[in-house]
Amino acid sequence: MIRMLRWAVYLIAVLAMNFPVIVTLVTSFKSARELSTNPGLTVLQPTLENYAAVLGQTDRFNIYGYLLNSVAAAMIATLVAILLALPAAYAIARSDAGKKLLLPMVINQRAVPLIIFAIPLYMMYQWLGLLDTQLGLGLILAIVNIPLALVILVNAISEVPVDLDEAARMDGASTPQILWRVVRPVVRPALVTTFVFGFITAWNEFLFGLMLTTSRAVPMTVGASFFFAASGGGVQWGTASAVMILGALPPALLGMLMYRQISRSMTAGAVKG
């Protein structure tokens, strides 16, 4: 009885949390005619015409270009954030001042609303020629990712015994060598977790994509909004739902593929005693 009640609570929680996704998925398989007569969660006549309309439209709105821009920007944002955060996290984890002063300062900066940086950032990008480029979008998203990357990596590196550092240093290893050859392999699950969370965060970013791109580097989050009234005459809900499902697939698949790595990192820690 208790087990059945537990599963019932679990199913209710899953349905409640994923209800918007379920509604969007169901809507994407309905024609415009069925949507006007059957707005519920049942699909009487499933159709792929909404997906065909989205995937086949390359003249005005190119979903393939939007997906490519998002992948490029998210990869740049994630890799740059990890490359910068890993040595910084090592320095913070091995320093009391870093944990008490530097880490809180960086995290608090992330709490500031991003819209505050809109005007100076736009002017700086215009001067540097980074507007409407994948590189420019990826670099600003890397800054967005750094606080999260630091939190994850500092916690992971803090669990690595200092004795490993001292033993490697006695063997003649330098600090960069210790970080790369000793610490990095141990915190690999945390690096995977940082990559997944950073990629998803960068993929879902809308503000900077809207502000810093116009045509060549438009990401999927911004490009998806173009399909809402692509055919005129109000919102095309079936088409809009299809493009939202397609845009959500890459980060969802990445999260599912890397679930075990994330779970191992979050529950087991970097080192087992």
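For the single chain, residues carry numbers from 1 onward in sequence order.
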**OP:** With the side chain counted from C-beta on, respond yes when Arg216 and Asn69 share a heavy-atom pair under 4.5 Å apart, and no when they do not.
**Re:** no
Original post:
Are Leu150 and Leu103 close enough that some pair of their side-chain heavy atoms sits under 4.5 Å apart?
Top reply: yes
Subject >> Spacing of OG1 belonging to Thr213 relative to CG belonging to Leu137, to within rounding of 0.5 Å >> reply: 6.5 Å
Original post:
Considering all heavy atoms of both residues, which atom of Asn145 and which atom of Ala81 are nearest to each other, and what is their separation?
Top reply: CB-CB, 3.7 Å
Original post:
Is Leu249 reachable from Leu48 through a run of I, L, V, M, F, W or Y residues, each pair having side-chain heavy atoms under 4.5 Å apart?
Top reply: yes
**OP:** For residues Leu86 and Leu191, determine if any side-chain heavy atom of one lies less than 4.5 Å from a side-chain heavy atom of the other.
**Re:** yes
Original post:
With a 4.5 Å limit on heavy-atom distance, are the side chains of Leu55 and Tyr64 in contact?
Top reply: yes
Original post:
So, Thr27 side chain and Ser241 main chain: donor-acceptor pair closer than 3.5 Å or not?
Top reply: no
Original post:
Can you tell me how far CZ of Arg184 sits from CD1 of Ile82, rounded to the nearest 0.5 angstrom?
Top reply: 12.0 Å
Subject >> Atom pair CD1/CG of Ile178 and Asp171 - distance to nearest 0.5 Å >> reply: 9.5 Å
Subject >> Donor on one side chain, acceptor on other, Thr214 and Asp132, under 3.5 Å >> reply: yes
Original post:
Can you hop from Trp180 to Val160 via hydrophobic side chains spaced under 4.5 Å?
Top reply: no
**OP:** For Phe195, check ring-ring contact (aromatic ring centres under 6.0 Å, His included) against everything at least two apart and list the hits.
**Re:** none
Original post:
Can you get from Ile115 to Tyr125 by hopping between Ile, Leu, Val, Met, Phe, Trp and Tyr side chains that sit under 4.5 Å apart?
Top reply: yes
**OP:** Mind checking the CG-OG1 spacing from Leu79 to Thr194? Nearest 0.5 Å is all I need.
**Re:** 11.5 Å
Side chains of residues 15-26: which donor-acceptor pairs under 3.5 Å do they make with residues two or more places apart or in other chains?
from	atom 1	to	atom 2	distance (Å)
Asn18	ND2	Val14	O	2.8
Thr24	OG1	Pro20	O	2.8

Original post:
Is it true that a side-chain atom of Glu34 and a backbone atom of Ser31 form a donor plus acceptor pair closer than 3.5 Å?
Top reply: no
Original post:
Would one find more than 12 heavy atoms of other residues, nucleotides or ligands at under 6.0 Å from atom CG of Leu44?
Top reply: yes
Original post:
Ignoring hydrogens and geometry, is there a side-chain-to-backbone donor-acceptor pair from Trp203 to Gly247 under 3.5 Å?
Top reply: yes
**OP:** Take Arg94 and Ile157 through the side chain to side chain contact (heavy atoms under 4.5 Å, CB included) test and state the conclusion after the steps.
**Re:** CA-CA 8 Å; Arg94 293 296 188 255; Ile157 295 175; 4.0 Å; yes
**OP:** Specify the closest pair of heavy atoms between Pro87 and Leu179, including all atoms of both residues, with the distance to one decimal.
**Re:** CA-CD2, 3.7 Å
**OP:** Check step by step if side chain to side chain contact (heavy atoms under 4.5 Å, CB included) holds for Thr193 and Met258.
**Re:** CA-CA 8 Å; Thr193 302; Met258 297 296 181; over 6 Å; no
**OP:** State, yes or no, whether a side-chain contact exists between Asn50 and Trp237 at a heavy-atom distance under 4.5 Å.
**Re:** no
Original post:
Could you give the distance from OH (Tyr90) to CG (Leu153), rounded to the nearest 0.5 Å?
Top reply: 14.0 Å
Original post:
Which value, rounded to the nearest 0.5 Å, describes the distance between Ile12 atom CD1 and Trp7 atom CH2?
Top reply: 13.5 Å
Original post:
Is there side-chain contact between Phe226 and Val243, with at least one heavy-atom pair below 4.5 Å?
Top reply: no
Original post:
Stepwise, does the side chain to side chain contact (heavy atoms under 4.5 Å, CB included) test hold for Phe197 with Thr78?
Top reply: CA-CA 9 Å; Phe197 285 165; Thr78 307; over 6 Å; no
Original post:
Minimum heavy-atom separation for Gly209 to Pro219, with atom names?
Top reply: CA-CG, 3.8 Å
Subject >> Whether Thr221 side chain and Glu205 backbone form a donor-acceptor pair below 3.5 Å >> reply: yes
**OP:** Keeping to residues at least two apart or across chains, list the salt bridge (Lys or Arg N to Asp or Glu O under 4.0 Å) pairs with something in residues 68-93.
**Re:** none
**OP:** Find out whether Leu121 and Leu212 are in side-chain contact, i.e. whether some heavy atom of one side chain is under 4.5 Å from a heavy atom of the other.
**Re:** yes
**OP:** Test Val106 against Ile92 for side chain to side chain contact (heavy atoms under 4.5 Å, CB included), laying out the working first.
**Re:** CA-CA 11 Å; Val106 175; Ile92 292 173; 5.8 Å; no
